[in-house]
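What you see is a predicted model; the values in this text were computed from it and never measured.
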Amino acid sequence: MVRTRPLKVALLGCGVVGSQVARLMTTHADDLAARIGAPVELAGVAVRRPAKARGHVDPELITTDATGLVTRGDIDVVVELIGGIEPARTLINAAFESGASVVTANKALLAKDGPALYAAAEKQAADLYFEASVAGAIPLLRPLRESLAGDTVNRVLGIVNGTTNFILDRMESSGAGYGEALAEATALGYAEADPSADVEGFDAAAKAAILAGIAFHTRVGLDDVHREGITEITAADVASARQMGCTVKLLAICERAGDGRSVTARVHPAMIPLSHPLANVREAYNAVFVEAESAGQLMFYGPGAGGVPTASAVLGDLVAACRNRLNGGLGPGESAYAQLPVSPMGEVVTRYHISLDVVDKPGVLAQCAMVFADHGVSIDTVRQTGKDGEAQLVVVTHRATDAALGATVEALRRLDTVHGVASTMRVEGE
């Protein structure tokens, strides 16, 4: 039975995602009411530019007074889609203080102030939902928070930024350099005019912090996540990966230590074998690979951005928040009971691919091998090509710590026979 008094929703932001949320709330109103048990009414939409045409929104609902909207007192759920730290943080806290639950897609704010937002929601007995913050339409956070709540997650490995995946995919499929691939991504609308949040790894790092916190029941902030972008990746790196039977992806990697006493969270380019499921994630798609103790290996795949896909995740959270509002219940709050320390990047153990420009003469390989041995880094394979007195030495190691590999590379640079380290990349997914 559906009650007649509607639940009222305030929408903050009416851009690419917000406009689609408003549209879906209108076109699917009857279905939403049946699923929730009460009608859902869009009570107001806060925007910065009220004169802009918004075909799916009644002009009378438009306001520039976001604070006044969220503090009206009759709002049941606030949907925050303006992004950034401020004024989003202030508005979300004002919504909680006014008794409203919150649905947000704000990964930057969650990575920076997640614990404070959880605490504010708990204080007011309100919900905080954020499925759309990490992987767009892909159902990922709810399975981690709820479906795997009785399991132990050991690793989360994923492609969580569509822009960088598109660029790297184009570099592999066409042989283009980074600049050419970025220009194509920009022309197609995958990259912003200032793409630094994507290509420097900031976007993926915020998502990694959220994933690690949920997966390991531990507070992980943005400053805990090691971050590297893709701006230094060359066409030669991509070609070298292909020769190894690998491809290059920007990965968010969250891992529990083997002894279970610490975790790591990092974002960086890595070579992964072509046999790994993530290797076949193309274009601007996202995919996340989860390894759990009992459930085994799970993969979540789909569009990680875009107005309609992301609005789908927002609507899913809206339905959950409204149901809880109607029934007097609450969704899951923060789970940080484990309080595991986050290990620094230097302690991370993985394999490495190192490309060296060296003098092409007898004994150089032996010199380099000795440097690896002196730093406790074991070599798996070596490939050397060269002519006219110059050569390239490509070394793939067995597993070693990041600190040991860093010291090895610095020592190699000091050799007279080494003209430079062309590239160093981690090898994951094996």
Side-chain angles (χ1 to χ4, degrees), residues 107-108 111 134 155-169 171-172 177-179 181-182 185 191-192 194-212 220-238 240-241 244 246-255 263-272 278-279 281 286 288-289 304 342-356 377 396-397 399-410 412-413 420-430:
K107 53 190 171 288
V134 171
R155 194 180 200 213
V156 180
L157 175 78
I159 298 165
V160 295
N161 183 274
T163 300
T164 52
N165 199 59
F166 179 88
I167 292 170
L168 293 171
D169 185 45
M171 290 177 71
E172 180 179 36
Y178 167 77
L182 173 59
E192 303 286 346
D194 177 4
S196 56
D198 294 321
V199 299
E200 296 290 355
F202 290 101
D203 174 84
K207 295 171 179 178
I210 295 168
L211 286 170
V220 179
L222 188 58
D223 292 340
D224 296 316
V225 182
H226 174 82
R227 175 192 56 79
E228 299 171 29
I230 65 167
T231 56
E232 301 300 318
I233 302 298
T234 66
D237 292 330
V238 175
S240 183
M244 287 176 54
C246 293
T247 187
V248 179
K249 299 291 186 182
L250 181 72
L251 298 180
I253 305 170
C254 311
E255 291 181 306
V263 298
T264 60
R266 50 198 165 101
V267 167
H268 55 72
M271 294 181 179
I272 58 174
L278 291 177
V281 178
N286 285 191
V288 177
F289 202 71
V342 183
S343 298
M345 186 64 188
E347 297 178 11
V348 170
V349 177
T350 188
R351 297 180 67 204
Y352 292 85
H353 170 280
I354 305 99
S355 178
L356 305 169
V377 179
V396 179
T397 74
R399 292 173 66 82
T401 66
D402 192 80
L405 196 283
T408 302
V409 169
E410 288 305 310
L412 288 167
R413 287 193 173 108
V421 179
S423 66
T424 301
M425 195 176 302
R426 298 169 185 89
V427 182
E428 301 282 353
E430 296 183 309

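- Every residue was checked against the side chain to side chain donor-acceptor pair (under 3.5 Å) condition with Thr231, not counting sequence neighbours, and none meets it.
- Legend: residues meeting side-chain contact (heavy atoms from CB on, under 4.5 Å) with Asn165, ordered by chain and number and at least two apart, are Ile159, Lys249, Val281.
- Between the CG atom in Asp237 and the OG atom in Ser355 there is a gap of 7.5 Å [rounded to 0.5 Å].
- Across all non-hydrogen atoms, the minimal contact from Arg399 to Val349 is NH2-O, 3.0 Å.
- Contact between Ala252 and Val160 at its shortest, heavy atoms only, is CB-CG2, 3.9 Å.
- Listed by chain and residue number, nothing satisfies the side-chain contact (heavy atoms from CB on, under 4.5 Å) test with Glu192 (two or more places apart in sequence, or in another chain).
- Checked against side-chain contact (heavy atoms from CB on, under 4.5 Å), Val409 has the following partners two or more places apart in sequence or in another chain: Leu405, Arg413, Val421, Thr424.
- Contact annotation: the side chain of Cys246 never approaches that of Ile272 to less than 4.5 Å [non-hydrogen atoms, C-beta and beyond].
- Side-chain contact between Glu428 and Leu251 is present, with at least one heavy-atom pair separated by less than 4.5 Å.
- Shown here are the side chain to side chain donor-acceptor pair (under 3.5 Å) partners of Thr163, two or more places apart in sequence or in another chain: Asp198.
- Of all heavy-atom pairs between Ala111 and Ile210, the closest is N-CG1, 4.4 Å.
- Residues meeting the salt bridge (Lys or Arg N to Asp or Glu O under 4.0 Å) test with Asp203, sequence neighbours left out: Lys107, Lys207.
- In this structure, a donor-acceptor pair under 3.5 Å is present between the side chains of Thr164 and Asn161.
- Here the CG-OG1 distance, from Leu278 to Thr247, works out to 10.5 Å after rounding to the nearest 0.5 Å.
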Stepwise side chain to side chain contact (heavy atoms under 4.5 Å, CB included) check, Cys254 with Arg155 = CA-CA 6 Å; Cys254 311; Arg155 194 180 200 213; over 6 Å; no
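- Tyr178 pairs in a side chain to side chain contact (heavy atoms under 4.5 Å, CB included) with only one of the listed residues (Ile233, Ile167, Thr234), which is Ile167.
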Using side chain to side chain contact (heavy atoms under 4.5 Å, CB included), reason through Val396 and Arg351 one step at a time and then give a plain yes or no.
CA-CA 7 Å; Val396 179; Arg351 297 180 67 204; 3.0 Å; yes
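- Residues satisfying the ring-ring contact (aromatic ring centres under 6.0 Å, His included) test with Phe202, not counting sequence neighbours, are none.
- What you find for Ala235 and Gly177 is that their closest heavy atoms are CB-CA, 4.5 Å.
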| field | Criterion side chain to side chain contact (heavy atoms under 4.5 Å, CB included) on His268 and Met345, from CA distance to verdict | value | CA-CA 11 Å; His268 55 72; Met345 186 64 188; 4.0 Å; yes
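- Among all heavy-atom pairs drawn from Ala204 and Leu250, the shortest one is CB-CD2, 4.4 Å.
- In this structure, Thr264 has no side chain to side chain donor-acceptor pair (under 3.5 Å) partners at least two apart in sequence or on a different chain.
- Here Thr397 pairs with nothing under the side chain to side chain donor-acceptor pair (under 3.5 Å) rule; sequence neighbours left out.
- Residues Ile253 and Val267 are not in side-chain contact: their nearest non-hydrogen atoms beyond the backbone lie 4.5 Å or more apart.
- The shortest non-hydrogen separation linking Ala206 to Leu222 is N-CD1, 3.5 Å.
- A salt bridge (charged side-chain N to carboxylate O under 4.0 Å, His left out) check over residues 222-236, counting only residues at least two apart or in different chains, returns the pairs Glu228-Arg426.
- For Phe166, the ring-ring contact (aromatic ring centres under 6.0 Å, His included) test picks out Tyr190, with sequence neighbours left out.
- Ala404 is linked by a side-chain contact (heavy atoms from CB on, under 4.5 Å) to Val377, Thr401, counting only residues two or more places apart in sequence or in another chain.
- Residue Val248 is tested with Glu172, Met171, Met425 for a side chain to side chain contact (heavy atoms under 4.5 Å, CB included); the sole match is Met425.
- A salt bridge links Glu255 with Arg266; the closest basic N to acidic carboxylate O contact falls under 4.0 Å.
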